Amino acid sequence: MSTVAVILAAGLGTRMKSRLPKVLHPILGDPSLLWVLRTLPPALGGAVVVIHHGKELVLEALDAWRAAGLLHCPVTAVDQGEPLGTGHALQVCIPELDRLGARKVAILCGDVPLTSAATVRHLCSAEALLLAMDLPAPGSYGRVIQQADGRLSGIVEAKDATPAQLAVQRVNGGAYALPWPALKKALQGLTNQNAQKEYYLTDAVAAVARDLAVAVEVCDPEELAGMNSRQDQAALQAAAQRRIQRYWMAEGVTFLHPDSTLVGPRVALSRDVLLEPGVRLEGAVRIGEGCRIGQGTVITDAVLGEGVEVRPYCVIEQAVVGAGAKVGPFARLREGTDLAEGVHIGNFVETKKAKLHRGAKANHLAYLGDAEIGEGTNIGAGVITCNYDGVNKHRTVIGDRVFVGSDTQLVAPVTIGDGALIGAGSTITRDVPADALALSRAAQTEKEGGASRLRNRQKKQTRLS
Ligand code: UD1
Ligand code: CA
């Protein structure tokens, strides 16, 4: 009793001139195939992806998306073997569609990323429907031939069309909903007697249309545009960018320079977020109310609380940033960074698997890796957690209200107690108790007049040489 989606993704994509299968090329950070899979209604009986070229990479991607919870219905894959046409792609799905108990199939292309979820929902709820578009220059698309009452009569591929058929501007968008028993029967009767010696799905659709009414609906061409070349990819990305920015602007987000700002489809922004020029937000990103994201900043898979200020040129990846924190300019927050409210991370500071509690500060030139840093603690300029001994990683734990002087190396594993004070330039290799003053550096000496004596010696040496 269920509707099953079939997503065609076996093609090589010759015109992309790439090692990567076409359906894995990204639009705003997400591969084309993921855009398609994310539009599928959760109520579907499943989705079958037809793969062949680059199938290992596609299978790997499907596993990763499933693990990340990005697939809302069960998705399986079928290897088409040598692709012999879109009809052949469906023929190889017959056992899988029967296994899934399909009553109806909704067919989409993995290289058509911008079909909206609303359109896909509509397609999946239709009995027998083809999505078309009206193009002034219909090029190589299949031409849609309709009966007087509008229902589908046939689809003629451009390479097989007569001049009169070529003049038709209504073209096949490659998205269909059809009853499975009727389509299955038509697929079993397909031949490849055509200009391309391919098994055409369009011939099977026309055969179904001879027995029952297949409706034709015309969509916005942007929704059915395919990605066949790098130029298509750029055009689709620009269209997606406009669509996403229009949405967020209506929700109260300012884009200082929309053309240079890229916001992916899985990014959630809030009111009064301000994005400066050249910002790129990709993957699963959430940004709280009133955040300002500085010029040239790249944020991937991260959550920012309210009122965070990210100054220009930061890279933030797999990190959590608490409300009111200040980051950058030129900071790098790597995987597992967790900044509490009001933390300050300044220029040229790198953090990785580092938890900084409320109000902690590391304002200049530091590396904090595998570390926990307590409330109100101040990390001086040039402080480094030496977390790696060449074989294993070790943790540094620093308590609350600690002062770590500039240019200190903390050789992990090491623990610094609350309120401790570490003198500048120390190399700390042992735990420091709470409230202790720790210093580890050679004692300083002064020689009176020593500077002049040294300079004179240096001058003499220069004359001799
Ligand atoms: C097909 C339609 C055409 C329509 C156009 C637009 C047929 C015969 N023609 O054109 O009417 O206007 O799409 O979408 O269907 N694929 C496979 N296995 C194959 C062949 C293709 O999985 O053996 C996949 C491709 O990877 C792609 C999709 O099917 O995702 C469409 O294939 P493509 O070659 O781009 O379309 P055409 O056959 O030229
Ligand atoms: Ca083709």
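Here, residue 1 is the first one in the sequence, and each next residue gets the next number. Predicted model, so just to flag it, every value in this text is computed and none were measured. As the structure lists them, so they are numbered: ligands from 1, and atoms in each ligand from 1.
Looking at Glu157 against ligand 1, only its side chain comes within 4.0 Å, counting heavy atoms. At a heavy-atom cutoff of 4.0 Å, ligand 1 is contacted by no atom of Val112, backbone or side chain.
Panel note: side chain Tyr200, backbone Thr202; no donor-acceptor pair is recorded below 3.5 Å. Between the side chain of Lys353 and the main chain of Thr337, no donor-acceptor pair closer than 3.5 Å is present. Remark: side-chain polar atoms of Arg311 are not paired, donor with acceptor, to backbone N or O of Val327 under 3.5 angstrom.
Against a heavy-atom cut-off of under 4.0 Å, Gly142 is close to the following atoms of ligand 1: 3 (C), 4 (C), 11 (O), 12 (O). The atoms of ligand 1 that sit less than 4.0 Å from any heavy atom of Asn172 are 2 (C), 3 (C), 4 (C), 6 (C), 11 (O), 12 (O). Listed by number with element, the atoms of ligand 1 under 4.0 Å from a non-hydrogen atom of Ala9 are 22 (O). Listed by atom number, the atoms of ligand 1 under 4.0 Å from Ala10 heavy atoms are 17 (C), 18 (N), 22 (O), 26 (O). Distances below 4.0 Å separate heavy atoms of Gly173 from the following atoms of ligand 1: 14 (O).
Backbone and side-chain nitrogen or oxygen atoms of Tyr141 are examined, and none is located within less than 3.5 angstrom of a nitrogen or oxygen of ligand 1. When only interatomic distances are considered, the shortest N/O to N/O separation between Cys109 and ligand 1 does not fall below 3.5 Å. For a threshold of 3.5 Å applied to N or O pairs, the pair formed by Leu8 and ligand 1 contains at least one separation below that value. Backbone and side-chain nitrogen or oxygen atoms of Asp111 are examined, and one is located within less than 3.5 angstrom of a nitrogen or oxygen of ligand 1. Distances between N or O atoms of Thr86 and those of ligand 1 include at least one value under 3.5 Å. Taking any N or O of Gly85, backbone or side chain, at least one lies under 3.5 Å from an N or O belonging to ligand 1.
Neither side chain, Tyr199 nor Asp203, offers a donor N or O lying under 3.5 Å from an acceptor on the other. Side-chain contact of Glu82 with His88: a donor-acceptor pair under 3.5 Å is absent, judged by distance alone.
At least one heavy atom of Gln80 sits under 4.0 Å from some atom of ligand 1.
The pair Glu251-Arg271 fails the salt-bridge criterion, with no side-chain N (NZ, NE, NH1 or NH2) lying under 4.0 Å from an Asp/Glu carboxylate O. Under the 4.0 Å criterion applied to side-chain N and carboxylate O atoms, Arg292 and Glu276 are assigned as salt-bridge partners.
Residues meeting the side-chain hydrogen bond (donor to acceptor under 3.5 Å, both in side chains) test with Asp211, sequence neighbours left out: none.
For residues 2-23, the set of pairs meeting the salt bridge (charged side-chain N to carboxylate O under 4.0 Å, His left out) definition, not counting sequence neighbours, comprises Lys22-Asp111.
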